[in-house]
Amino acid sequence: MSQLQARFFTENKKYVVDDVPFSIPAASEVQDLSNVINKLLEAKNASHTTVEFDFLVRGLFLRTQLSSHMETEGISTEDVVEIEYVERLTAPEPEECMMHDDWISSVAADSEWILTGSYDKTARIWSVEGKAVMTVAGHSDVVKDVAWVKRDGLTSLLLTASLDQTLLLWEWNSERNKVKARHCCRGHTGSVDTVATDPTGSKFCSGSWDKMLKIWSAVPTDEADEVEEPGDRPRKKQKTQQLGLTRTPLMTLSGHNEAVSSVLWCDSEEVCSASWDHTIRMWDVETGEMKTTLTGSKVFNCISYSPLCRRLASGSTDRHIRLWDPRTKDGSLVLLSLTSHTGWVTAVKWAPSHEHQLVSGSLDNLVKLWDTRSCKAPLYDLAAHEDKVFCVDWTESGLMLSGGADNKLYTYRSSACQMDVGA
Amino acid sequence: MEESSKRSEQRKEMEKERKKGEKKRRKEEEEEEEEILIFNHKSAEKEKEDEDLSDSEDSVFSGLEDSGSDSEDDDDDDEDLKVDQNLSQQVKKEEEDVQSSLKKKDEEEEVKRDEYEHDSSDEEDIRNTVGNIPMEWYKDFPHIGYDLDGKKIYKPIRNKDELDDFLDKMENPDYWRTVQDKQTGSDVVLSDEQVELVKRLQRGQFGDVNFNEYQPQVEFFTQEVMLHPVTNRPADKRSFIPSLLEKDKVSKLVHAIKMGWIKPRRDSRDDSRGRYYDLWASEDTSNLARHRMHLPAPKIPLPGHHESYNPPPEYLFTDEERALWEQQDPVDRKFPFVPRSFSSLRLVPAFPRFIHERFERCLDLYLCPRQRKMRVNVNPEDLIPKLPKPKDLQPFPTTQSLVYRGHSGLVRSISVSPSGQWLASGSDDGSVRFWEICSSRCLKTVQVGGAVKSVAWNPNPSVCLLAVALDSAVLILSPALADRQVVLSSDRLLSAPQEAEPIEGDGLVNWSDTEGEELNQGIRLKIQHPKAVQQVAWHTKGDYLASVMPDHSSHLQVLIHQVSRRRSQNPFRKNKGLVQSVSFHPIRPYFFVATQRSVRIYNLVKQDLTKKLHANSKWISSMAVHPGGDHVICGSYDCKLSWFDLDLSTKPYRMLRHHRKAVRSVAYHRLYPLFASAADDGSIIVCHGTVYNDLLQNPLIVPVKVLRGHVITHELGVLDVTFHPTQPWIFSSGADATIRLFT
């Protein structure tokens, strides 16, 4: 049995072992290494309780035998191997299940409240504990996307985008539990599929099937913008349909050749949009010009940006999740492909507090938790849903959410995640 | 150079030694010569040799020593030759030589006594010592000179007068040969030889009688290259240096040629071309090739030990071998005979198979190939046309992505909205459903109250209308799934003022607005037909609508409706067969009508038949027109798919027989070079079909993917197939009440 020289280190002060090389069997797997660390910790500290660890060899998770992993990664077995260990993320377990009346199209979570959009033409507000708080009804068609604009104190602003080609800006008072439509954003000529609020909360951007991106002001006012309505439209009907004051877009960004499927703000100046025309485009909000284009080969369903690792993750109809560097000026440079789903990837979200983790939902009913350090296979498959998954989200506190065509919104929590946040 | 100098030094040394030896020998000889004074030829020859050697000694440094020795040999040879040629002369000469040499010997011996006593080399006898002066100086003296003793030589007394002279001339017979010696003043009578000599000299001949002036000349320097050099003289340096003179001459010539002063000689071969002709020019080359390909006749194998009359025992058959030989078929036998052993050749009987063997030999010769047959070596795989790999032809749909569930009956027809957002489907359960493509969500269901045979979305993107064929009616639906403006414009199209005057065909169909519940569902118009409608098809502009009512016995099978003016017409007066499917040309005013056996193309402007395509199939089920308009595919119930190139022929350019059951539907993609066929075997076959703008290049058709997913129910598989307008996706509807999206 061949032996390897390995040195273990960790960033968690709680589990530090001596910085000396150990001789370990080459065929040892994660469980064996975990036992070794636990033994060492027990020897140091009698009160230590067994903890499961995960191991990283040169930034990649160890998933097979140590020797075969090093062989595939081309690491010399002659030298002392530096092995980092982290506390293993326990499998996220579904915590709550919130039943809706219809398919859930979108979810936006806050540390306190969860906002979901549904195919029953309403949006709902839930507490993180799973209690239904509010139903926001007003759209005449399916709510395709929802977003929080601002949450300060008891009043919050929220947005709903719908198939009826409008967006509604709502004001919600959580104390009185009253919701009021402040503005009706008109201007799109196709179903509004995606909406995103800028980091400052003063603007938002919407993407529609009509191939346009529109920038709107998110600040509620008491005056309606002037809208040129078609002359033959009966005035009376317009009044009855109107919910809140009409708002017109500040800016229209056109350039996509097909429907815009997903939009987000990279920072307060830059908007990134994914489209069915196989491109991801970066836009300068100040000038309204397109900055860069990342070209893929398949329709993009969703994108997500992580300010921690500054990567863009995209989910497309060819079952792959791709990681991009949005700062590259030209060419489509796919940094990494994560392949495990068997259906269209409909939703992807980076962890807000962890630079390596992301969660994805797909039409194959699965939600997968990924770590970019282990790109061959996902960390965990979350198979709670019984039908297509349409949306996923991740709160600051490490709570994962997913909703889909089985009318259920699941929240998941992973123990280690919580500890990370606590630490 | 060094070597040559060394060699010359060596040679010098050798010569020195030779000289020394020579001197020794000479001394010895001189000593001996006193004793041996026997004069014979041998000794003389020896002497001569010595002389010759001494000659060669002299020429040591002349650079000709080798040739000198050669010439010595040559001399000897010459000598021998002369001996052979004229012996007598030779003998005389030798004797003379001997004598002269003897004389020399004597002289050498008597050098000290009198050197010039008998100097025969000086022919003049020096009796008068006045020397070579004009004798007239002594004219007035009585003497003519002085003899050797210094005494005066007196002139002879010349008292002869003219008379005496005359008498002497008359009387003296030797007068004519008497001359006066001016030296001595005496008369000399010339001897006969002397007279002869004078005569010969006067004639300009050589004085010596024996001299042959016509001797054969030995030429040393000829054009023939001799084996040995005549001289050992090294080649001159100038023979290596290009001659400046020649260069000058050549350059002058070149200049003259360039300036055209000298014309180059015309090629004399030119006229020879006309004079001679190629005798074998017309010879058939195949005849020569045949000779080249000649095969020699097969040879009889040489007899082996088996055929010996007394073969070694190992060549004789054992009992087993013999039994085997007898059992074997004569053709399979290794030998046609059994080896047998005889003690002597005398005992060998007659060969019983002789005639047979000769006959076989003749057969061999007769049947053997006399010509090498050029067999074409064709690999059967090479005959298959080279098709690009499907991997290189991406994108095309590969996997099932979404299933649209909701219908309860078999879905006969599907249609995708021009924007690519919505999918409409018509089913036997009497409903038309509208689906959101990206989520497979059914957003709208319209109960139409009858099995829907066909749905068709209006291809005009500025209106949002769906034509639905059910039973004997065509419904126009406005699903309100688009922008308000689009909905308004489609409403406007439908509510256009009705034409007042009656039009042809008006009595056949009944246009009616819908009311109440149907209007709420979105049904806006109802066109009542006299017979059951099987198919509806829109024109690209979205104003004209064609409906098909298949009927064997009527000429009223196809109707073309104009929606905006609400009028209908029957374009055909004659029944040309059961109409299966119709389609408008995407660009030009043509109309495609597929009957059971053929596809007819009509020009709508000229109102005549343009082309008739023969499908070579029993029953056409469906038809699709390429977005370019120059190609048509037809699916048939006998499992075939035929591709027509309208520019090429009225026969199918390609027949594809990939399906195992009846083909129900065919479709072209609007943008990608893809087409698909769906069949009752539950499979959809996607093919790549690139159409080139170049008229000379035929379309490239490659089957790329078989898509399966539909469950076969009631022996029916996939009923309709259609492509997404912008993405390489394909939708299929089946008898299992589902619609599937493959991406």
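Each chain gets a letter, A, B and so on, in the order its sequence line appears, and its residues count up from 1.
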Enquirer: Using non-hydrogen atoms only, which part of A:Asp387 is less than 4.5 Å away from chain B: side chain, backbone, both, or neither?
Expert: neither
Enquirer: Taking the ring of B:Trp538 and the ring of B:Trp457, is the distance between their centroids below 6.0 Å?
Expert: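 No; B:Trp538 has its ring centre 6.0 Å or more from that of B:Trp457.
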Enquirer: Within the 4.5 Å heavy-atom criterion, are A:Ser118 and A:Val143 side-chain neighbours or not?
Expert: no
Enquirer: Between B:Thr726 and chain A, which part of the residue has a heavy atom less than 4.5 Å away: side chain, backbone, both or neither?
Expert: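 Answer is both: backbone and side chain atoms of B:Thr726 are under 4.5 Å from chain A.
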Enquirer: Less than 6.0 angstrom separating the ring centers of A:His385 and A:Tyr410, yes or no?
Expert: yes
Enquirer: Answer with side chain, backbone, both or neither: which region of B:Glu436 has an atom nearer than 4.5 Å to a non-hydrogen atom of chain A?
Expert: side chain
Enquirer: Among A:Leu163, A:Val142, A:Asp277, A:Asp210, which residue has the highest count of heavy-atom pairs closer than 4.5 Å to chain B?
Expert: A:Leu163
Enquirer: Is the shortest side-chain heavy-atom distance between B:Ile739 and B:His407 below 4.5 Å?
Expert: yes
Enquirer: So, taking the atom named OH in A:Tyr119 and the one named NZ in A:Lys144, what distance separates them when rounded to the nearest 0.5 Å?
Expert: 4.0 Å
Enquirer: Checking heavy atoms, do the side chain of B:Gln727, its backbone, both or neither come under 4.5 Å from chain A?
Expert: side chain
Enquirer: Which region of B:Thr399, side chain (C-beta onward) or backbone (N, CA, C, O), has a non-hydrogen atom less than 4.5 Å from a non-hydrogen atom of chain A, or is it both or neither?
Expert: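 Just its side chain gets close to chain A.
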